[in-house]
Every structure is written in C-alpha cells, then in structure tokens.
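All remarks here apply to the structure that follows.
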Amino acid sequence: MKMSFFKRLRDAIVQKSEEVTQKFTDGLSKTRDLLVEQVENLVRRYKKIDDDFFDELEEILITSDVGVNTVMELIDDLRTEVRKHKIENAIDLQPILSERLVALLKNDEVADTSLNVEAGRLNVILFVGVNGVGKTTTIGKMAHMFKQQDKKVLLAAGDTFRAAAIEQLEVWGDRVGVEVIKQQQGSDPAAVIYDAIQAAKSRNVDVLLCDTAGRLQNKVNLMEELAKVHRVLARELPGAPHEVLLVLDATTGQNALSQAKTFGQSAGVTGIVLTKLDGTAKGGIVIAIRNELNIPVKYVGLGEKMDDLQPFDPEQFVHALFAGLIQQEADEQKEND
C-alpha cells in the first residue's frame, strides 16, 4: 500500500530541528484553528462528496485567504481526483487536499528559499514594503541571524521620511550590537545608501542590510526613490543589491497580495518576508503569494522573539497546519500494529 501522505510528512519532519518545528506549530495555531478545523468539520459532516461539499470547501479556503484563483484551481484539481479515483467518502479526500497544498507551496519554479549571500564579498540586501508591516523589526532580526553566523553586519537607515524610522533602526542596532549608518531625517535616501556602501567596503563587512521608505506623497515618488537607490547600489557595487526583500504583513491578507504585485513589478523583488503569521488566521495568504506571484516566500515571522524569523519551509508549514491529523494517524497506526 502507498505510504500515507501524512506519514511521509511526519518522517520528513523528524529529520528537522524540533525547535523550528515547534516555532512553526505555535506560530500557525490561529490559521490551523480556522482552516484545518473547519475542513475537518466539513469532512465529518459530509459522508458523500457532492457539489455542496465543494462549495463549502471553496468558501473555507477563500476565507483563509488562500486566494480566489488558487482556490478555483485547487477545487478543479480535487474534483478531477474524485472522478479519477472514484472517491466517495469525504474523509478520503483530506490527505489529497493536504498533498495539493504542499505542491502549491513548493511551486517548483521558485522553490529556492535561501538568500543570495556568498562568502568573500559584500552582500547587500535591500528591504522594501509599506509602513507598519514590520520592516525595521525584520531587519533587526535578520541582523541578529547573520551575527549568529559570525558575519560582520552593517545597517543603513534609508527610510529618511518617516519620523521614527531612524531611531527604531538604531534601537535594533544597539540590541543586536550592529552599527547603523544614518543621516538627518528628510535627507536623500540614496545618499545614506551611498555612505553605507563606502563604510561597508572600508570595514570589510559581510552583509549590509538597507532600510527604505515605505510611503511618500504617492506611489510614483516611492518607486522613483527606490529606482534611485538601485542605481547608486549598482554603480558603487556592481551586482548589488543581491536581494530585494519585500516585507508583507500576513494579517492584512489580500491587501498583502496587492502590495506584492505593486512592488514586484516596480522594485525588482527577489523574495518575500511574511511577518506576523502568528497574529492571524489568514496564513493561507502564503499559498496565494507562492502560487499567484512566482516570487518565493523566503522568510516568515512566527513570533516576537529575536529568533522567530525563520526560513520558509513548505513541509514545516503544512505539518504545522495538519499537526493534529498527523498525530491522529500515527496513534491509529500504533493501535493497528
């Protein structure tokens, strides 16, 4: 008999760090309560799969912000599976749904979630995103992460428009023991980035993390400002920036998806950091972003602690969502053995 999907997932997770598994499990508890419990209730209520079953499943997935286009594809896919394998009982569809979610999250074309950071060069990572999404916090946590890897890190306070942005970055700099290159509020962000590149070169820095403005008078101004920063970086350090990370707040759901579309087109985004996953039941937005944008989710914020910023791992994500079912199947297996 084909090994159950949940068993394969459980075996894969056993190889991974327990601490990280726990972070994903804790961080996704709200999404798990909404999405998975509703699916479980649905499966229990319907002994037979019919159109009403699919309509309800569609509604649950859309409410969890999986994304309308993604949901439609997923439902079509499940209908095909039901016909092909003559599945009648709703409970038999559950592992197939879970398997499809992993496939959507892995999205093979953009499966690489590692950061483009190489030893022996100055690596520049640019952070973009609207105000309030947790950009400064993400930069601080990433600075901490690189320091843990014994890398020399420098921060650039390129958001010179928002009153508290420079001070906030300095607080994080003090906390993690990393210097911040800054100018006065209202000064030219590209000039700050220029200073930071020169400082990073002269100090043999491994990673330079650059903050940028999240809001100007309008979107055009913001994108022009980012384009100017890109030009300065490319001129002073050919090949830079090596990553452009768009920071999105998971609690904003579909709004995060539209921000990703705007920045993705204009700012040359190479990866997404999805923050505040622990604070929302809308964790399905990860699936929508992965499937509808072809920009990889590289990191996720799973809590308030310094090390709660974690590389995105599709298997950990789905394992965290279906942890209860996986345990249930393991217990049943023990009883049968």
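Predicted model only: the values in this text are computed from it and were never measured. Positions are given from 1, in the same order as the sequence printed here.
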Step through the shown structure and confirm whether more than 12 heavy atoms of other residues, nucleotides or ligands are within 6.0 Å of NZ on K276.
yes
For Q254 and D65, does a side-chain donor sit closer than 3.5 Å to a side-chain acceptor?
yes
Verify, without hydrogens or angle tests, whether T212 (side chain) and G158 (backbone) share a donor-acceptor contact under 3.5 angstrom.
no
Distance check, rounded to the nearest 0.5 Å: T251 atom OG1 versus I285 atom CD1?
10.5 Å
Any donor and acceptor pair, going by atom type alone, linking the side chain of T280 with main-chain N or O of L277 inside 3.5 Å?
no
Counting C-beta onward and ignoring hydrogens, is there a side-chain heavy-atom pair between L61 and L35 closer than 4.5 Å?
yes
Does the side chain of I91 come within less than 4.5 Å of K47's, by heavy atoms?
no
Heavy atoms only: give me the nearest L237-K201 pair and the separation to one decimal.
CD1-CE, 4.2 Å
Working to the nearest 0.5 angstrom, can you tell me the gap between I289 CD1 and L274 CG?
5.0 Å
Please assess E58 against M72 for the test side chain to side chain contact (heavy atoms under 4.5 Å, CB included), listing each intermediate value before the final yes or no.
CA-CA 8 Å; E58 191 178 293; M72 296 308 175; 3.7 Å; yes
Heavy-atom donor-acceptor pair, K152 side chain to R203 backbone, under 3.5 Å:
yes
Do side-chain atoms of T252 reach the backbone of N255 as a donor and acceptor pair under 3.5 angstrom?
no
Tell me, with the steps shown, if N131 and F161 meet side chain to side chain contact (heavy atoms under 4.5 Å, CB included).
CA-CA 11 Å; N131 290 344; F161 297 101; over 6 Å; no
Pick one: which of N89, V82, D92 meets side chain to side chain contact (heavy atoms under 4.5 Å, CB included) with I49?
V82
Specify the closest pair of heavy atoms between R290 and V297, including all atoms of both residues, with the distance to one decimal.
NH1-N, 3.4 Å
CG/L245 to CZ/F263 distance, rounded to the nearest 0.5 angstrom?
13.0 Å
Side chain to side chain contact (heavy atoms under 4.5 Å, CB included), that's the test. Do Q310 and F24 meet it? Break it down for me.
CA-CA 9 Å; Q310 288 290 327; F24 272 86; 4.2 Å; yes
Determine yes or no for a side-chain-to-main-chain donor-acceptor pair under 3.5 angstrom, with T275 supplying the side chain and V133 the backbone.
yes
Hydrophobic cluster membership, V300 vs L34, 4.5 Å side-chain cutoff:
no
Between N123 and E118 (side chain of the first, backbone of the second, donor and acceptor by atom type, cut-off under 3.5 Å), is there such a pair?
yes
Determine whether more than 12 heavy atoms belonging to other residues, nucleotides or ligands lie under 6.0 Å from atom CD of E18.
no
With no hydrogens and no angle check, is any side-chain donor or acceptor of K147 less than 3.5 Å from a backbone partner on G177?
yes
Is there a path of hydrophobic side-chain contacts, each under 4.5 Å between heavy atoms, that joins L169 and V192?
no
Partners meeting salt bridge (charged side-chain N to carboxylate O under 4.0 Å, His left out) with R83 (sequence neighbours left out):
none
Any H242 side-chain heavy atom under 4.5 Å of R121 side chain
yes
Value for CG (L57) from CG (L74), rounded to nearest 0.5 Å, stands at 7.0 Å
With a 4.0 Å cut-off, would you call E73 and R100 a salt bridge?
no
Same apolar cluster (I L V M F W Y, side chains within < 4.5 Å links), V232/M223:
no
Heavy atoms only: give me the nearest G173-V180 pair and the separation to one decimal.
CA-CG2, 4.2 Å
Scanning both residues in full, the closest heavy-atom pair of A143 with V176 reads CB-CG2, 4.0 Å
Measuring only between side-chain heavy atoms, which start at C-beta, is D26 closer than 4.5 Å to L302?
no
Residue pair V318 / S98: nearest heavy atoms and the distance that separates them
CG1-O, 4.3 Å
Donor-acceptor pair, side chain of K135 and main chain of G129, under 3.5 angstrom
yes
Do F317 and I60 belong to the same hydrophobic cluster, where Ile, Leu, Val, Met, Phe, Trp and Tyr are linked whenever their side-chain heavy atoms lie under 4.5 Å apart, directly or via other members?
yes
If you measure from OG1 on T80 to CD1 on I96, what distance do you get to the nearest 0.5 Å?
11.5 Å
Which heavy atom of D206 sits nearest a heavy atom of D150, and at what distance?
OD2-O, 4.4 Å
May I ask you to decide whether D51 forms a salt bridge with R79, counting only side-chain N to carboxylate O separations under 4.0 Å?
yes
Find the distance between CD1 (I181) and CD1 (I166) and round it off to the nearest 0.5 Å.
12.5 Å
Around atom CD of E88, are there more than 12 heavy atoms of other residues, nucleotides or ligands at under 6.0 Å?
no
Are R215 and V130 close enough, and set up right, to give a side chain to side chain contact (heavy atoms under 4.5 Å, CB included), and what steps lead you there?
CA-CA 6 Å; R215 186 179 69 83; V130 301; over 6 Å; no
Hey, does the side chain of K298 reach the backbone of S114 with a donor-acceptor pair shorter than 3.5 angstrom?
yes
Backbone N or O of S187 within a donor-acceptor pair of the T160 side chain at under 3.5 Å?
yes
Please tell me whether Q38 and E56 have a donor and an acceptor in their side chains that are separated by less than 3.5 angstrom.
no
Please indicate whether E59 has more than 12 foreign heavy atoms, meaning atoms of other residues, nucleotides or ligands, lying under 6.0 Å from its CD.
no
May I ask you to decide whether E224 forms a salt bridge with K228, counting only side-chain N to carboxylate O separations under 4.0 Å?
no
Indicate the ring-plane relationship of Y46 and F53, choosing parallel, tilted or perpendicular according to the 30° and 60° boundaries.
perpendicular
Determine whether E40 and Q94 satisfy the following criterion, side-chain hydrogen bond (donor to acceptor under 3.5 Å, both in side chains), listing intermediate values before the conclusion.
CA-CA 8 Å; E40 279 183 54; Q94 205 156 18; 5.1 Å; no
Can you confirm whether R45 sits close enough to L42 that some side-chain heavy atom of one is under 4.5 Å from a side-chain heavy atom of the other?
yes
If we only count heavy atoms from C-beta on, is the L309 to H144 side-chain gap below 4.5 Å?
no
Ring pair (Phe, Tyr, Trp, His ring centres under 6.0 Å) filter on Y194, not counting sequence neighbours, yields none
Tell me, do M142 and W172 make a side-chain contact under 4.5 Å, heavy atoms counted?
no
Any side-chain heavy atom of F312 within less than 4.5 Å of one from P296?
no
Starting from I13, can I reach L101 by hopping between I/L/V/M/F/W/Y residues whose side chains sit under 4.5 Å apart?
no
